[in-house]
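A quick write-up on the structure given underneath.
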Amino acid sequence: MRAEFREFTGSHYPKLIGPGTLFAALLAHLIDPFGGIELSFLKRFLFWSLVILLACGIAHWAGNFVHSRCTQVQQALLDVVVIVLIAALFTPSVWLLTWILHAHHGVEAPGVLTVSQFGALFAMGLLVLRRAFPEVEPQPAVTQDAPARPRLCRRLPNTFDGQILRLTVRDHNVDVVTTEGTITIRSRFGDAIDEMDPVKGHCTHRSHWVTEDAIESVEREAGKIHIRLINGDLVPVSRKYRPVLEEAGVI
C-alpha cells in the first residue's frame, strides 16, 4: 500500500495541491474535528490536510486494488466494493487521529459510529471525483521504444498489458475486447472511441469500432461484408460506414 501511496503523491500531488489546500482551508474555517475542543485555525488546517491526503491515498489504492482483481464484475458493484473498502480503511485511521487529538486536550473522543458516517461520506465523494475526472487516474509510463497507450487503458485493470482490438456498445456500457479477454466499462460509445487516441481505428457499424492493427481480413458473403480480427471475431460492416472504409482502404 505504501508503494501505491508514493505513486499517487508522486504523479498527482502537483495537480491536487491547489484544490486540496483550498478544501482543507474551508474545512478548517467551518468545522472543528468532530467538535468538543477549541483549536486554532492552523491546527484545524493541519488536521484536515492530513485527513484529505490520507483519504486520497486510500481511495487511489482501493480503486486500483478492486479493479485489478474484479475485471468481470459490473461497474455498479465495483463502486459499492470500492466505497466499502475505502470506508473500512479510512474510518479507523481518522478515528485514531481524532482520538490522539482529543486525548491530547483531555477531551473524550467521538465514537467510532460518528467517524464511520463521516468516512462513508468521504468515500462516496472520492468515488464521484474519480468518475468525474478520469484523467487523474494513473497512466502507464511510455518509453521511447514502446507505443503510446490510449487513455482508455486508464479504465482497465492495472494488470492489463494486452492490445485493445475493438469496442462494442451494449446498453449504457462498452465492451472493450482485448487480447486478454473482454472488459466491460460504463461509458458513452463516442467517449470510449475518443479515448482510444492515438490508436488508429474505424467505425464499421453504429455499435462497433475496430483498431487497424486488429484487422486480419475482409469477408464478403451474400452482399454482406464482415471484418475478421486477429482473434477470430467477425465484425459487421453497415452500409452507412462502407464508403468511409472503402476510402480508407480497409475494405
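Side chains included, hydrogens not; waters and symmetry mates left out as well; all remaining heavy atoms used. Given the structure is predicted, the values throughout are model-derived calculations rather than measurements.
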For residues [X] and [Y], determine if any side-chain heavy atom of one lies less than 4.5 Å from a side-chain heavy atom of the other.
X: T184; Y: V174; result: no
X: V210; Y: L229; result: yes
X: I225; Y: T204; result: no
X: V235; Y: H205; result: no

Check: Quick one: salt bridge (charged side-chain N to carboxylate O under 4.0 Å, His left out) partners of D213, sequence neighbours excluded?
Finding: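 D213 satisfies salt bridge (charged side-chain N to carboxylate O under 4.0 Å, His left out) with no other residue.
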Checklist line | salt bridge (charged side-chain N to carboxylate O under 4.0 Å, His left out) involving R220 - partner list, sequence neighbours excluded | finding: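 Not a single residue meets the salt bridge (charged side-chain N to carboxylate O under 4.0 Å, His left out) criterion with R220.
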Taking only residues two or more places apart in sequence or in another chain, which ones pass side chain to side chain contact (heavy atoms under 4.5 Å, CB included) with [X]?
X: L42; result: S40, L46
X: A248; result: H202, V250
X: T178; result: F160, I164, V176, E180

Margin query: Hydrophobic clusters here meaning ILVMFWY residues chained together by side-chain heavy-atom distances under 4.5 Å, can you tell me if V237 and W209 are in one?
Written below: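 No, V237 does not connect to W209 through the hydrophobic network.
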Check: Would you say L156 and V169 are hydrophobically clustered, going by side-chain heavy atoms of ILVMFWY under 4.5 Å?
Finding: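 Yes, same cluster.
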Next item on the list: Sequence neighbours left out, what passes side-chain hydrogen bond (donor to acceptor under 3.5 Å, both in side chains) with H208? Give chain and number order.
Entry: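 Counting only residues at least two positions away or on another chain, H208 forms a side-chain hydrogen bond (donor to acceptor under 3.5 Å, both in side chains) with T168.
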Notebook entry, point to check: What pairs with R188 under side-chain hydrogen bond (donor to acceptor under 3.5 Å, both in side chains), at least two apart in sequence or on another chain?
Noted result: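 R188 satisfies side-chain hydrogen bond (donor to acceptor under 3.5 Å, both in side chains) with D191 once adjacent residues are dropped.
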Notebook entry, point to check: Between I193 and C203, does a side chain to side chain contact (heavy atoms under 4.5 Å, CB included) hold up when you go through it step by step?
Noted result: CA-CA 9 Å; I193 293 175; C203 278; 3.7 Å; yes
Got a second to check how far [X]'s [atom1] is from [Y]'s [atom2], nearest 0.5 Å?
X: L245; Y: I251; atom1: CG; atom2: CD1; answer: 5.0 Å
X: L50; Y: S93; atom1: CG; atom2: OG; answer: 9.5 Å
X: E221; Y: L234; atom1: CD; atom2: CG; answer: 9.5 Å
X: R206; Y: S238; atom1: CZ; atom2: OG; answer: 9.0 Å
X: F189; Y: D175; atom1: CZ; atom2: CG; answer: 10.5 Å

Notebook entry, point to check: Checking T179 side chain against Q163 main chain: does a donor-acceptor pair fall under 3.5 Å?
Noted result: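 Present.
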Check: Any sub-3.5 Å donor-acceptor pair from T182's side-chain atoms to V177's backbone N or O?
Finding: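 No: the side chain of T182 does not pair with the backbone of V177.
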Margin query: Show me the pairs that pass salt bridge (charged side-chain N to carboxylate O under 4.0 Å, His left out) and involve residues 225-246, at least two apart or across chains.
Written below: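 Passing the test, one end in residues 225-246: R166-D233, E219-R228.
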Next item on the list: Apply side chain to side chain contact (heavy atoms under 4.5 Å, CB included) to the pair R155 and E195, showing each step before the final yes or no.
Entry: CA-CA 10 Å; R155 297 176 178 255; E195 292 180 23; 2.8 Å; yes
Check: Can you list the residues that meet the ring-ring contact (aromatic ring centres under 6.0 Å, His included) rule with H226, with sequence neighbours excluded?
Finding: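 ring-ring contact (aromatic ring centres under 6.0 Å, His included) check on H226 returns nothing, list empty.
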Notebook entry, point to check: Which atom names give the shortest non-hydrogen contact between P198 and P150, and what distance separates them?
Noted result: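 Closest approach of P198 to P150: CD-CA, 4.4 Å.
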